[in-house]
Novice: 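Take this structure first; my questions come after.
Quick caveat, the model's predicted, so the values are computed rather than measured. The figures that follow rest on heavy atoms only: side chains count, while hydrogens, waters and symmetry mates do not.
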Amino acid sequence: MAAALVSCTQASSGGGPGADVPGTSAEPAADRARGAESAGDADRAGREAPTGEDTAVPSPEPALVRDAFATLQATLGETCTPGAGDCAYFLGRVTQELTELDESMRADSKGPGHFAKPLADMKALFATLGEDRTEAHLEKHFSAIVGTRDGINTWMQYHPDDYR
């Protein structure tokens with residue numbers, strides 16, 4: 001009797017023979033409709049798939065001014081001693097932070113005119129540095145790099161709406 005009950009339960013719950021066959025029912029018309037719907041979905045998905053479009057990941061936008069300034073400001077308590085061999089990281093980092101802040105200020109919705117003074121200071125620094133980012137070259141311009149950082153920090157303190 002228990003075997004008969006299990007057999008009936010499997011058949012009524014769909015767990016009997018053929019339960020692992022997807023989309024079968026007692027009504028063949030319903031099966032055909034489901035099959036046509038699946039084929040239509042696959043065909044529609046194929047037509048909607050991009051063909052030959054650029055799938056490259058877009059490059060990230062510059063950081064917000066407040067975020068770029070925060071990372072520059074994090075260098076305020078740091079320094080190095082030119083000639084002592086401990087300046088490569090510090091001066092490289094400050095130069096990189098200034099570059100990112102420059103990009104952020106130029107991309108900001110307030111426009112570069114709002115940031116005229118810091119952008120001019122960074123432009124002068126970048127012209128002085130050129131493309132050379134070697135430790136010896138950065139150490140040679142230590143005062144200009146640190147002075148630009150400090151000057152921008154002072155300017156930003158008078159423009160709290162740009163970094164809060």
Side-chain angles (χ1 to χ4, degrees), residues 14 19-24 31 33-164:
D20 59 340
V21 178
T24 58
D31 290 341
R34 267 195 297 280
E37 189 176 296
S38 295
D41 289 345
D43 184 46
R44 197 170 21 261
R47 284 192 311 259
E48 293 173 0
T51 55
E53 291 181 20
D54 184 16
T55 58
V57 177
S59 60
E61 294 292 320
L64 296 174
V65 170
R66 71 161 194 255
D67 296 341
F69 177 62
T71 58
L72 177 67
Q73 201 173 28
T75 68
L76 287 176
E78 298 177 27
T79 192
C80 68
T81 306
D86 62 348
C87 285
Y89 171 77
F90 170 70
L91 292 175
R93 178 176 174 202
V94 172
T95 303
Q96 181 62 39
E97 301 296 349
L98 288 169
T99 300
E100 291 172 7
L101 183 60
D102 180 82
E103 292 169 358
S104 296
M105 287 179 169
R106 291 182 189 287
D108 191 84
S109 63
K110 292 179 183 176
H114 176 74
F115 301 101
K117 172 77 169 115
L119 286 172
D121 292 348
M122 287 185 280
K123 182 178 181 178
L125 174 66
F126 298 148
T128 298
L129 294 178
E131 296 297 317
D132 188 352
R133 296 295 189 262
T134 62
E135 182 178 11
H137 186 69
L138 295 177
E139 284 182 0
K140 179 179 167 186
H141 298 289
F142 175 87
S143 296
I145 294 168
V146 173
T148 301
R149 176 201 65 184
D150 294 347
I152 289 172
N153 180 60
T154 300
W155 186 91
M156 290 292 284
Q157 297 308 315
Y158 289 99
H159 298 83
D161 57 310
D162 291 321
Y163 66 90
R164 289 192 176 146

Novice: Working to the nearest 0.5 Å, report the span between CG of L119 and CG of L101.
Specialist: 8.0 Å
Novice: Working to the nearest 0.5 Å, report the span between CD of E100 and CG of D102.
Specialist: 10.5 Å
Novice: Which residue pairs pass the ring-ring contact (aromatic ring centres under 6.0 Å, His included) test when at least one of the two sits in residues 69-94, sequence neighbours left out?
Specialist: F69-Y163
Novice: A side-chain contact here means heavy atoms from C-beta on lying under 4.5 Å apart; do T95 and I145 qualify?
Specialist: yes
Novice: What's the separation between atom NE2 in H159 and atom OG1 in T154, rounded to the nearest 0.5 Å?
Specialist: 12.0 Å
Novice: When rounded to the nearest 0.5 angstrom, what distance separates CD in Q73 from CG in N153?
Specialist: 5.0 Å
Novice: Return the set of residues passing salt bridge (charged side-chain N to carboxylate O under 4.0 Å, His left out) with E97 (not counting sequence neighbours), or none when no residue passes.
Specialist: R93
Novice: Tell me every residue that passes salt bridge (charged side-chain N to carboxylate O under 4.0 Å, His left out) with D132, counting only those two or more places apart in sequence or in another chain.
Specialist: none
Novice: Which heavy atom of I152 sits nearest to which heavy atom of L72, and what is that distance?
Specialist: CG2-CD2, 4.2 Å
Novice: Work out which heavy atom in M105 is nearest to a heavy atom in M156; give both atom names and the distance.
Specialist: CE-SD, 3.9 Å
Novice: Which pair of heavy atoms, one from A88 and one from E135, lies closest together, and at what distance?
Specialist: N-OE2, 3.2 Å
Novice: Which ring-ring contact (aromatic ring centres under 6.0 Å, His included) pairs, counting each pair once, include a residue from residues 124-146, with sequence neighbours left out?
Specialist: H137-H141
Novice: Using side-chain heavy atoms (C-beta onward) and a distance below 4.5 Å, is V94 in contact with L138?
Specialist: no
Novice: For A74 versus E78, what's the shortest heavy-atom pair and its separation?
Specialist: O-OE2, 3.7 Å
Novice: Please round to the nearest 0.5 Å and tell me the distance separating atom CZ of R133 and atom CG of L91.
Specialist: 11.0 Å
Novice: Which is it for L64 and D108 under the side chain to side chain contact (heavy atoms under 4.5 Å, CB included) test, yes or no, and what are the steps along the way?
Specialist: CA-CA 7 Å; L64 296 174; D108 191 84; 5.9 Å; no
Novice: My understanding is that only residues two or more places apart in sequence, or in another chain, count here; which of them pass side-chain hydrogen bond (donor to acceptor under 3.5 Å, both in side chains) with R66?
Specialist: none
Novice: Taking the six-membered ring for Trp, are F115 and W155 parallel (under 30°), tilted (30 to 60°) or perpendicular (over 60°)?
Specialist: tilted
Novice: Might you point out which heavy atoms bring A68 and S104 nearest each other, and give the distance in Å?
Specialist: CB-OG, 3.5 Å
Novice: With sequence neighbours left out, which residue pairs that include part of residues 109-120 fulfil the salt bridge (charged side-chain N to carboxylate O under 4.0 Å, His left out) condition?
Specialist: K110-D161, K110-D162, K117-D121
Novice: Should L76 and R149 count as side-chain neighbours, where that means a heavy-atom distance under 4.5 Å?
Specialist: yes
Novice: Once you round to the nearest 0.5 Å, how far does OG of S109 lie from NE2 of H114?
Specialist: 9.5 Å
